[in-house]
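Residues take their numbers from the sequence shown, with the count starting at 1.
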Amino acid sequence: MSEKPEVPPEAGQDDKKYTQIIVQNDLEYAPKCRFLPGKAKVIIQTVLKERLTGIVYDGEAAAGWAREICDTIKGRLKEMEYERYKIVVQATIGERRGQSFQMACRCFWDPKTDDYAEETFLSDNVFAVAVAFAVYTY
């Protein structure tokens, strides 16, 4: 806060001294460093290849693999130290049998600060899709 000494009294008021207080907003509404989807995409691709190369699909174990992949991606993205970003990671793993697969999502966010990165992994018998969302918290 800063102070301005002595604002002159208006006509008809007594001769008391008045101090005007000016309040300045010190909140930051823009990130110092924006989320970089290109770098995140490389991280996601690396984690998917490390974890899923050479694996035969097992429906019982797929949920655990997806959880492990999400935790690893989230941890590596947090190492990049994006201040005030909430990182959310989603992974889907399935058996590849010649079928098609489509994935969609809807989000309500600020396009100036928020972003996402996604990557797909395909092998002979496994497919995986991982998405990382970065939402800036004001």
Side-chain angles (χ1 to χ4, degrees):
M1 281 193 281
S2 61
E3 294 184 11
K4 285 186 179 179
E6 295 189 43
V7 173
E10 294 181 18
Q13 293 183 349
D14 52 19
D15 292 334
K16 295 180 183 175
K17 291 186 178 183
Y18 293 92
T19 304
Q20 182 180 13
I21 298 175
I22 299 172
V23 179
Q24 296 177 346
N25 188 356
D26 62 348
L27 294 175
E28 295 178 28
Y29 289 107
K32 293 177 184 175
C33 178
R34 285 200 57 187
F35 179 77
L36 303 171
K39 288 185 178 183
K41 195 169 182 142
V42 170
I43 290 172
I44 295 169
Q45 182 180 36
T46 303
V47 171
L48 289 175
K49 281 183 181 178
E50 286 173 359
R51 186 61 184 98
L52 297 176
T53 300
I55 285 183
V56 177
Y57 181 78
D58 177 12
E60 299 284 322
W65 297 340
R67 204 171 303 114
E68 181 182 317
I69 287 169
C70 288
D71 291 342
T72 305
I73 291 170
K74 188 174 182 178
R76 290 190 187 173
L77 289 174
K78 283 189 173 192
E79 287 174 5
M80 296 177 72
E81 297 181 1
Y82 291 112
E83 289 184 21
R84 298 177 69 176
Y85 271 98
K86 172 72 174 173
I87 306 292
V88 178
V89 180
Q90 177 185 4
T92 303
I93 299 173
E95 185 174 15
R96 191 167 175 198
R97 291 186 173 179
Q99 78 279 21
S100 66
F101 178 79
Q102 294 181 354
M103 184 173 161
C105 66
R106 295 177 73 173
C107 299
F108 182 72
W109 64 17
D110 184 353
K112 295 175 187 171
T113 57
D114 306 337
D115 217 332
Y116 74 99
E118 57 90 18
E119 189 62 41
T120 303
F121 173 85
L122 295 173
S123 71
D124 293 338
N125 62 357
V126 174
F127 72 88
V129 179
V131 185
F133 300 95
V135 181
Y136 186 71
T137 55
Y138 289 97

Undergrad: Over all heavy atoms of both residues, which pair between D115 and R34 is shortest? Give the atoms and the distance, please.
TA: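 What the structure gives for the nearest pair is OD2-NH2, 4.1 Å.
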Undergrad: Under 4.5 Å between side-chain heavy atoms, counting indirect links through other Ile/Leu/Val/Met/Phe/Trp/Tyr residues: same cluster for V56 and W65 or not?
TA: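 In one cluster: no.
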Undergrad: Could you give the side-chain donor-acceptor pairs of residues 117-128 under 3.5 Å, partners two or more places apart or in another chain?
TA:
{"from": "S123", "atom 1": "OG", "to": "V126", "atom 2": "N", "distance (Å)": "3.2"}
{"from": "S123", "atom 1": "OG", "to": "V126", "atom 2": "O", "distance (Å)": "3.3"}

Undergrad: Between Y136 (side chain only) and W109 (backbone N and O only), is there a donor and an acceptor less than 3.5 Å apart?
TA: no
Undergrad: For the residue pair R96 and Y57, establish whether any side-chain heavy-atom pair is separated by less than 4.5 Å.
TA: no
Undergrad: Determine whether more than 12 heavy atoms belonging to other residues, nucleotides or ligands lie under 6.0 Å from atom CD of Q99.
TA: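 More than 12 within 6.0 Å, yes.
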Undergrad: Output the distance between atom CZ (F133) and atom SG (C105), rounded to the nearest 0.5 Å.
TA: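 Going from the CZ atom of F133 to the SG atom of C105 covers 3.5 Å.
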Undergrad: Locate the shortest heavy-atom distance separating I93 from A66; write the atom from each residue and the value.
TA: CD1-N, 3.6 Å
Undergrad: Group every Ile, Leu, Val, Met, Phe, Trp and Tyr by side-chain heavy-atom contacts under 4.5 Å, then state whether V135 and V89 land in the same group.
TA: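 Not linked; separate clusters.
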Undergrad: For residues 69-80, which side-chain donor-acceptor pairs fall under 3.5 Å, sequence neighbours excluded?
TA:
{"from": "T72", "atom 1": "OG1", "to": "E68", "atom 2": "O", "distance (Å)": "2.8"}
{"from": "R76", "atom 1": "NH2", "to": "E50", "atom 2": "OE1", "distance (Å)": "3.1"}

Undergrad: Please confirm whether the backbone N or O of K32 pairs with a side-chain atom of R84, one donor and one acceptor, at under 3.5 Å?
TA: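 Side chain of R84 to backbone of K32, a donor-acceptor pair under 3.5 Å: no, none is there.
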Undergrad: With a 4.5 Å cut-off on side-chain heavy-atom distances among I, L, V, M, F, W and Y, is there a chain of contacts connecting L48 to F101?
TA: no
Undergrad: Going by atom type alone, with no hydrogens or angles, which donor-acceptor pairs under 3.5 Å involve a side-chain atom of residues 35-46 and a protein atom two or more places apart or on another chain?
TA:
{"from": "T46", "atom 1": "OG1", "to": "V42", "atom 2": "O", "distance (Å)": "2.8"}

Undergrad: Do the side chain of E60 and the main chain of D58 share a donor and acceptor less than 3.5 angstrom apart?
TA: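 No; zero donor-acceptor contacts below 3.5 Å.
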Undergrad: With a 4.5 Å cut-off on side-chain heavy-atom distances among I, L, V, M, F, W and Y, is there a chain of contacts connecting V47 to L52?
TA: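 Same hydrophobic cluster.
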Undergrad: According to a 4.5 Å side-chain heavy-atom criterion applied to Ile, Leu, Val, Met, Phe, Trp and Tyr, with indirect links allowed, do I87 and Y138 form part of one hydrophobic cluster?
TA: yes
